[in-house]
Peer 1: 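My structure is below; once you've seen it, I'll send some questions.
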Amino acid sequence: MLTPPLKEEVEISIFGPGYGECILVHIGFNDWIIIDSCISPSSKEPCAIEYLSGIGVPLDTGVKLVIATHWHDDHIRGIGKTVNSCSNATFVCSDGLLTKEFITFIKAYGARPGLTEGVNEFDIVLKSLETSHRTPKYASAEKALWKRNGPNVKPTCCITALSPADFAIHLAKIQLKELFPQENTTKRDVVAPQPNNVAVVIWLEVGDICLLLGSDLENSPDKRHGWAAIVDSNLRPGGIASVFKIPHHGSKNADLPEVWQKMLIKNPLAVMTPFSKGNVSLPTFKDINRIKSQTSEGYITAPPRVKRVKKPKIVEQFVKGATKSIYQVNSFFGHVRFRADLKSQPINWKTELFQSATSLNSLEW
Amino acid sequence: MQLARFEQYDQERLRIASDNSDINNSEEEGKILYMDRKWKVITNPDVTSYGQLTFQECGFIAPQEEAPVDSKINSTYIDIDNKSNLLQKEIPESPIVWYPLKHQKTTMFTSLKKWRGVVLKTYKDCFLCRLVDQDGNSPDEEAEILLTEISDEDLQLIDIGAVFYWSIGYQINPSGTRTRSSIIRFRRLPVWRSEELSEAQKKAEKTLITLGIT
């Protein structure tokens, strides 16, 4: 597992869940991009840091971008340490988040360690950026975030945000303004509001390879935002992607058939992380079948359903009496890795599965 | 951080101690805030208030970060990692006092499992919450807890984002009787004060300038 990619190899590594998701992309020539963050259950370190350190990548020079696609706990655990460690990387987050209202909200809650993990992580990020005098970059639809010019020495690489759309940013700003506490109201943990209007979808081109990384963006009945706005945009980069990070853990409300038809090759490599909240487990059996109808190359970092770890009998008796239902948050952890040689034509992907990761075709229900 | 840890690990025992009227009839005349086999923490009867905070606010539940008060509190407050040093120090204005206990029998609670919970959604007869194992031994869980399990005084505290602790274990009475027990207690967090919100705004403005965000 701990073998670095070759210089002219592209790698996409997806880690999760352990309650979370993190994507690492090697864009060739020892340049890396980190998208979101989750914690490794074994080392308790951010997955990206653990993996990159393990294969000998210098974090200060090797990592070019750290992107937080949104601020939900399951996408941001450990991102503070990641931004700290990758001291020369540019930090990117949604345009909807870099507002006076959101930063004031972070400063109010961030001063209360122990509460509200997503907010605490964002507070660490802001402090790290301040200390190192780095200016964060806003991500919004059709905005180029990073570019490496080629093709003489290194292949061209261009990273573009496909969301949030302007209208979603407007909605996010209203939504986040309402989170700011009012005087004399009781202090509480912050529960991220729904729907998620700030999710940053990434389009990544390196040489002839395109990747579509779907974050948690969902469909919206209003075509001014959500997946419909991306598909309909005539400003988004052209090309079709051969790798798709399936949005929002494979849920139906994040799946738009036009994305498969217009933005992806036939039978693309598709990967996702599972998610659970109360009695909701994603992806569902129907979701998996729907995705399998689009590609035979679907992968997931861990099985979507887990059995609860039983506690002592007396504890179980009380739990049974006091609850209507109880579910264990997905504690499995896995890593899906795709690698391809930038020079090979046609592109030939090599897929590797580690720990709990599995193919959708071999999932048992 | 010390205060926060005190609150996090000992809230249930602290409440049991303070709710028990027998224990409260202490010869030291202060109100008992916490008690275990070796230690009793009482309010200092010579100090009736501290700044704008009541003893309950600063002693039971409010971590330092939520109560920016006179720095004396920070320097004289509970140092749970170094109780003996605290005892040896003479701190006349300390709002609390630690007393060593040798033979007094108390109501004890032996926890078998303890979670920190956050309310995610409320329903008519229950609420959805995330449970984080305080020992770090089990993965997080999400449960729908019935409202019938919540005491009347805590019911009004149930709202999205509200924090509670759930302990399951044995309560051991002074007579030695063991009773199985499940205790769900909601944190009584203080309210946002205008000074805290203004402070946050100032910090945000400074951050925006430093980061070059317009």
Side-chain angles (χ1 to χ4, degrees), chain A residues 18-19 41 73 98-116 126-127 129-130 133-136 138 180-191 276-280 306 308-309 311-312 314-315 317-319 321-331, chain B residues 1 4 8 63 65-66 112-113 116 118-121 123 125-126 128-131 137-146 148-149 157 159-163 166 168-170 180-182 184 187-194 196-197 199-208 210-213:
Chain A
Y19 193 61
D73 282 355
L98 288 175
T99 62
K100 187 180 174 187
E101 287 80 8
F102 185 69
I103 291 176
T104 310
F105 159 77
I106 295 290
K107 292 293 171 188
Y109 277 95
R112 305 169 66 228
L115 291 178
T116 319
L126 290 176
K127 282 175 182 158
L129 296 176
E130 281 181 85
H133 304 287
R134 282 181 282 173
T135 300
Y138 305 70
F180 191 70
Q182 299 297 309
E183 193 181 333
N184 290 327
T185 54
T186 305
K187 289 176 180 173
R188 294 198 174 94
D189 255 19
V190 178
V191 176
S276 58
K277 186 165 198 168
N279 57 1
V280 178
V306 288
R308 271 188 75 230
V309 175
K311 319 268 180 317
I314 173 185
V315 174
Q317 281 170 351
F318 273 113
V319 167
T323 58
K324 250 177 119 171
S325 64
I326 184 159
Y327 298 89
Q328 187 172 300
V329 173
N330 204 325
S331 56
Chain B
M1 286 310 290
Q8 191 174 358
E65 293 77 13
E66 290 162 1
L112 293 174
K113 191 50 104 185
R116 178 186 186 272
V118 178
V119 177
L120 302 175
K121 211 169 181 181
Y123 301 102
D125 59 341
C126 64
L128 174 69
C129 60
R130 174 167 285 252
L131 300 170
N137 295 332
S138 319
D140 292 0
E141 291 176 280
E142 287 188 347
E144 290 175 314
I145 296 181
L146 295 162
T148 47
E149 293 297 311
L157 301 172
D159 204 348
I160 292 171
V163 178
W166 184 9
I168 292 174
Y170 294 102
R180 290 178 180 186
S181 184
S182 164
I184 297 177
R187 280 187 74 178
R188 279 147 178 81
L189 286 165
V191 295
W192 287 100
R193 293 181 297 129
S194 62
E196 290 173 289
L197 300 178
E199 184 66 24
Q201 270 162 356
K202 276 184 205 162
K203 282 184 187 170
E205 275 161 23
K206 195 179 154 208
T207 301
L208 287 163
T210 313
L211 298 182
I213 302 170

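Just so it is clear: chains get the letters A, B, ... in the order the sequence lines come, proteins before strands, and each one is counted from 1. Heavy atoms only: backbone and side chains are in, while hydrogens, waters and symmetry mates are out.
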Peer 1: Would you give the length of the straight line joining atom CZ of A/R134 to atom OG1 of B/T210, rounded to the nearest 0.5 angstrom?
Peer 2: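 Answer for the CZ-OG1 pair, A/R134 versus B/T210, is 14.0 Å.
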Peer 1: Could you tell me whether a side-chain N or O of B/E149 sits under 3.5 Å from a main-chain N or O of B/L146, the two making a donor and an acceptor?
Peer 2: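 No, B/E149 side chain to B/L146 backbone: no donor-acceptor pair under 3.5 Å.
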Peer 1: Could you grab the distance from atom OH of A/Y327 to atom CD of B/E144, nearest 0.5 Å is fine?
Peer 2: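 The distance works out to 7.0 Å.
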Peer 1: Using a 4.5 angstrom heavy-atom cutoff, name the option from B/L131, B/D125, B/L157 with the most pairs to chain A.
Peer 2: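 Highest number of heavy-atom pairs under 4.5 Å: B/D125.
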Peer 1: Of the non-hydrogen atoms in B/W192 and A/A108, which two are nearest, and what is the gap between them?
Peer 2: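 Heavy atoms of B/W192 and A/A108 come nearest at CH2-O, 3.6 Å.
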Peer 1: Among B/L197, B/L208, B/L112, which residue forms the greatest number of heavy-atom pairs with chain A at distances under 4.5 Å?
Peer 2: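 Heavy-atom pair counts peak at B/L197.
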Peer 1: With sequence neighbours left out, write down each residue that passes side-chain hydrogen bond (donor to acceptor under 3.5 Å, both in side chains) with A/K311, or none if nothing qualifies.
Peer 2: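 In terms of side-chain hydrogen bond (donor to acceptor under 3.5 Å, both in side chains), with neighbours along the sequence ignored, A/K311 is linked to B/E141.
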Peer 1: Which region of A/Y138, side chain (C-beta onward) or backbone (N, CA, C, O), has a non-hydrogen atom less than 4.5 Å from a non-hydrogen atom of chain B, or is it both or neither?
Peer 2: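 Side chain only.
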Peer 1: Give, as side chain, backbone, both or neither, the part of B/T148 having an atom under 4.5 angstrom from any heavy atom of chain A.
Peer 2: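 Neither part, no heavy atoms under 4.5 Å.
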Peer 1: My understanding is that only residues two or more places apart in sequence, or in another chain, count here; which of them pass salt bridge (Lys or Arg N to Asp or Glu O under 4.0 Å) with B/K121?
Peer 2: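 So B/K121 forms no salt bridge (Lys or Arg N to Asp or Glu O under 4.0 Å) with any residue.
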Peer 1: Heavy-atom distance under 4.5 Å to chain B: side chain of A/P181, backbone, both or neither?
Peer 2: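 Looking at A/P181, backbone and side chain both touch chain B.
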Peer 1: Return the option, out of B/V118, B/T207, B/D159, with the maximum number of heavy-atom pairs under 4.5 Å with chain A.
Peer 2: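 It is B/T207.
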Peer 1: Pick from B/R180, B/E199, B/K113: which one has the most heavy-atom pairs with chain A under 4.5 Å?
Peer 2: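 Highest number of heavy-atom pairs under 4.5 Å: B/R180.
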Peer 1: Is chain B contacted by the side chain of A/Q182, its backbone, both, or neither, given a heavy-atom distance below 4.5 Å?
Peer 2: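 Contact with chain B: backbone only.
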